[in-house]
Colleague: 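The structure is given below, and queries will be raised subsequently.
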Amino acid sequence: VNGSTGEFASTGAGDCVVKATVAATDDFESAYDTQTISIDPAEPTITFDPAPTATYGSNFTVAAATNSTSDLAYRKISGPCTQTSGGTFTPTGVGDCVIEAYTNAVTDFTAGTKQITVSIDPLALTITVAPGQSKVYGNAEPALLFTYEPALVYGDSFTGSLTRASGEDVGEYAVNQGTLSAGDNYDITFEGANFSITARPITVTAVAASKMFGLADPVFTYNITSGSLVAGDSFTGSLERDPGEDLGTYDILQGSLALS
């Protein structure tokens, strides 16, 4: 209080009664008067700490401070998050989550609010094609397998499937991500591998044959005694035998017999 100027400092909201007096002089008696001044509640200040880094799959916490004597509380205004407790929230997707800190009206302060926007990033997910996958030429295509790290958020799942480069001949084929996805809440790094098609084992057994000395060789025949041909494939070429025309036994060889 500055009594000479009538300047006062408020200490709270409410009615402040001010009394002005003058002392008696030779010509005047002492006198006084009062005035009631209504002091309104102040508007509070609310200040947030810097917005936290937030990633889908992990809780984040916001913090604020206020000069109000009211308790400070938080609530979600909009966006992909739900309140867990206090200033802690759980992301439900990626994008901007708007959170509001608020105070209630108390004797010396009005109610107050302040908002902050927290950007939620996708969860980094690495998909690795399982190594060593293969099939035998002509067999049905197996499901392509993969591993991933870290675990998906509870309730999430993959859709789609891996694919590989086209082709059915023996060789190596790159495995691609194809339509495999965990959704927009994940940022996928894909680590591919090759898929192998291996030769189909076939055992061909020559049928024993003979001829009279001096005659032409017969056509050598054979049977498939193990394995099977893929539909549409067939043998080309023919068997042959070791050279010689004298009496004796000669081995029958594969010769030019092949599959195509």
Colleague: Any luck finding a side-chain donor-acceptor pair between T88 and T61 under 3.5 Å?
Modeller: yes
Colleague: With a 6.0 Å cut-off (strictly less than), is the heavy-atom count around CG of D184, excluding the residue itself, greater than 12?
Modeller: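 Result for CG/D184: open.
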Colleague: Does either side chain, that of D187 or that of Y56, offer a donor lying less than 3.5 Å from an acceptor on the other one?
Modeller: no
Colleague: So F89 and F60, would you call those rings parallel, tilted or perpendicular, with 30° and 60° as cut-offs?
Modeller: parallel
Colleague: Is a side-chain donor or acceptor of S161 paired with a backbone partner of L180 at a separation under 3.5 angstrom?
Modeller: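 Judged by distance alone, no pair lies under 3.5 Å.
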Colleague: T66 side chain to T45 main-chain N or O, any donor-acceptor pair under 3.5 Å?
Modeller: yes
Colleague: Is it true that K76 and E100 have a side-chain N and a carboxylate O under 4.0 angstrom from each other?
Modeller: no
Colleague: May I ask you to establish whether R75 and Y102 are in a cation-pi arrangement, using a distance under 6.0 Å from NZ or CZ to the six-membered ring centre and at most 45° from the ring axis?
Modeller: yes
Colleague: For a quick test of reading the model, state the closest non-hydrogen atom pair linking F195 to E141 and the distance between them.
Modeller: CE2-OE2, 3.9 Å
Colleague: Do we see a donor-acceptor contact under 3.5 Å between the side chains of D121 and T55?
Modeller: no
Colleague: Under a 4.0 Å N-O cut-off, is there an ion pair linking D251 with R241?
Modeller: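 R241 and D251: not salt-bridged.
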Colleague: Taking atom types as modelled, find out whether S196 and S134 have a side-chain donor-acceptor pair closer than 3.5 angstrom.
Modeller: no
Colleague: Using a 3.5 Å distance criterion without hydrogens, assess whether the side chain of Y222 forms a donor-acceptor pair with backbone atoms of L257.
Modeller: no
Colleague: Tell me whether E172 is salt-bridged to R164, with the criterion being a basic N under 4.0 Å from an acidic carboxylate O.
Modeller: no
Colleague: Any sub-3.5 Å donor-acceptor pair from Q133's side-chain atoms to L145's backbone N or O?
Modeller: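 Looks like yes, one N/O pair under 3.5 Å.
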Colleague: Considering residues, nucleotides and ligands other than D71, do more than 12 of their heavy atoms fall under 6.0 Å from its CG?
Modeller: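 Atom CG in D71 is not packed in, count stays at 12 or less.
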Colleague: Distance only, no hydrogens: is a donor on one side chain within 3.5 Å (strictly under) of an acceptor on the other, for T90 and T84?
Modeller: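 On atom types as modelled, these side chains qualify, holding a pair under 3.5 Å.
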Colleague: Is it true that a side-chain atom of N104 and a backbone atom of A111 form a donor plus acceptor pair closer than 3.5 Å?
Modeller: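 Not confirmed, N104 side chain does not pair with A111 backbone.
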Colleague: Looking at K135, I want to see if its NZ is surrounded by more than 12 non-hydrogen atoms of other residues, nucleotides or ligands under 6.0 Å.
Modeller: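 Count over threshold, so yes.
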